[in-house]
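Right, one structure below, let's go through it.
Atom set for the values below is all heavy atoms of this structure, side chains included, hydrogens, waters and symmetry mates excluded. Fair warning: this is a prediction, and the values are worked out from it, not measured in the lab. Numbering starts at 1 and runs along the sequence shown.
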Amino acid sequence: MSNPSKLRVVQWATGGVGKAAIECVLNHPGLELAGCWVHSPDKDGRDVGDILGIGALGVRATNSIDEVLALDADCVMYSPLIPNDDEVVAILRSGKNVVTPVGWVYPDPDNKRHRAVADAAIEGGVTLHGSGIHPGGITERFPLMLSSLSSAVTHVRAEEFSDIRTYNAPDVVRHIMGFGGTPEEATQGPMAGLLEAGFKQSVRMIADRMGFRIEPNIRTIQDVAVATADIDYEPFPITAGAVAARRFRWQALVDGEPVITAAVNWLMGEENLEPAWNFGGLGERFEVEITGDPTVSLTFKGLQPETIAEGLVKNPGVVATANHCVNAIPDVCAAAPGIKTYLDLPLFAGRPAPGVATA
């Protein structure tokens, strides 16, 4: 029996982010799990708790979109590997709010696809919010907060340094990210296109909110490093000459000079790379830096696992991505219809652990 005082949440897809989102919903005193869409037919009909290995929850998974749309639910946490605008439009038109880590962090109102999603939200009387980590928090929410400590700002930087061996999705690492292939395959593959939409939105949010008059085109730079010898990576071979590290930069320019930079550094460890990239002695981390008066920097630790083995079991960055979305649900459900970004919503927060005294 559902609890009328709780918001009913549907989880869309049960990859790493999806499983973590379900656990966050179960831990949240204001939410309850109402349903779950799964991609693979072998999960269809199974108890969601069985899929997660945590014991029966009394909620059955389905791979029928129509069944999900027919559910009595307040919000869908939408986290497929690749977003589908038609799916999101259908969810919104069914009268369900959406939180997601796969897009819409700061959509362009002149983009026809974005307008169609926004129109669907208004028609359904509901709200869509794009969140996550990078993009979706580290790249825009935290830089904006940190920038309030400085004046005369000349540059804003948000950057990730991660060992990609801890990301437990080898098919994605090989075929989408391009690791283990040739440099030409990597640079011509889908990764840059999949990333740039989100990161460019993040950069534009910072520019608009802070008042930078940037040039229309945001510069994209991607580089690769190759292995100089075989690198130990269990899912597939990383042999000499194969791609073993990738860097991406998205830069907003004023008079040809970068004023905002969002960056990603993904390495298969720090050994046997050419060029000899590394994490700069500070280890895996996320960094936010505001260059101004004064220059202020913030380093995030704990969003990457301490060991590769730990990351393959439970990657804290994946968990944080899910939590950032789920914790937004009460405020998203309370917001006016349409697409709402961090600039439109209150400062939402996590909740105490179950059993800890709460107000």
- Item | Residue list, side-chain hydrogen bond (donor to acceptor under 3.5 Å, both in side chains) with Glu160, at least two apart or on another chain | Ser162, Trp266
- Selection residues 59-83 - residue pairs positive for ring pair (Phe, Tyr, Trp, His ring centres under 6.0 Å), sequence neighbours left out: Trp12-Tyr78
- Should the pair Phe348 and His324 be assigned to parallel (<30°), tilted (30 to 60°) or perpendicular (>60°) ring geometry? tilted
- Only one of Lys19, Arg46, Lys43, His39 clears side chain to side chain donor-acceptor pair (under 3.5 Å) with Thr14; which? Lys43
- Non-hydrogen side-chain atoms of Val38 and Ile51 separated by less than 4.5 Å: yes
- Task: Side-chain contact test, heavy atoms from C-beta onward, threshold under 4.5 Å: evaluate it for Ile329 versus Asn97 and give yes or no.
- Result: no
- Query: Would one find more than 12 heavy atoms of other residues, nucleotides or ligands at under 6.0 Å from atom CD of Glu310?
  - Reply: yes
- Query: With distance as the sole test, does Ser150 use its side chain to make a donor-acceptor pair with the main-chain N or O of Val153 at under 3.5 Å?
  - Reply: no
- Item | Any residue meeting salt bridge (Lys or Arg N to Asp or Glu O under 4.0 Å) with Glu289, in chain and number order, not counting sequence neighbours | Arg157
- Query: Can you name the salt bridge (Lys or Arg N to Asp or Glu O under 4.0 Å) partners of Asp85, sequence neighbours left out?
  - Reply: Arg113
- Message: Just to verify, what does Asp223 make a salt bridge (Lys or Arg N to Asp or Glu O under 4.0 Å) with, not counting sequence neighbours?
- Response: none
- Do Gln11 and Ser79 have a side chain donor and acceptor closer than 3.5 Å? yes
- Quick one: list whatever passes side-chain hydrogen bond (donor to acceptor under 3.5 Å, both in side chains) with Arg209, sequence neighbours left out. none
- State which residues pass ring-ring contact (aromatic ring centres under 6.0 Å, His included) with Phe199; sequence neighbours excluded, sorted by chain then number. His134, Trp250
- Item | All ring-ring contact (aromatic ring centres under 6.0 Å, His included) counterparts of Phe300, not counting sequence neighbours | Phe142
- Just grab all the side-chain hydrogen bond (donor to acceptor under 3.5 Å, both in side chains) pairs involving residues 230-243, residues at least two apart or on different chains. none
- Note on the structure: Residue pairs meeting ring pair (Phe, Tyr, Trp, His ring centres under 6.0 Å), one or both in residues 157-186, sequence neighbours left out, come to none
- Do the side chains of Ile22 and Val98 join up, straight or via other hydrophobic residues, at under 4.5 Å, putting them in one cluster? no
- Message: For a quick check under 3.5 Å, do Ser64 and Asp66 share a side-chain donor-acceptor pair by atom type?
- Response: no
- Would one find more than 12 heavy atoms of other residues, nucleotides or ligands at under 6.0 Å from atom NZ of Lys314? no
- Partners passing salt bridge (Lys or Arg N to Asp or Glu O under 4.0 Å) against Lys200 (at least two apart in sequence or in another chain): Glu196
- Residue pairs passing the salt bridge (Lys or Arg N to Asp or Glu O under 4.0 Å) test with at least one member in residues 123-151, sequence neighbours excluded, are Arg93-Glu123
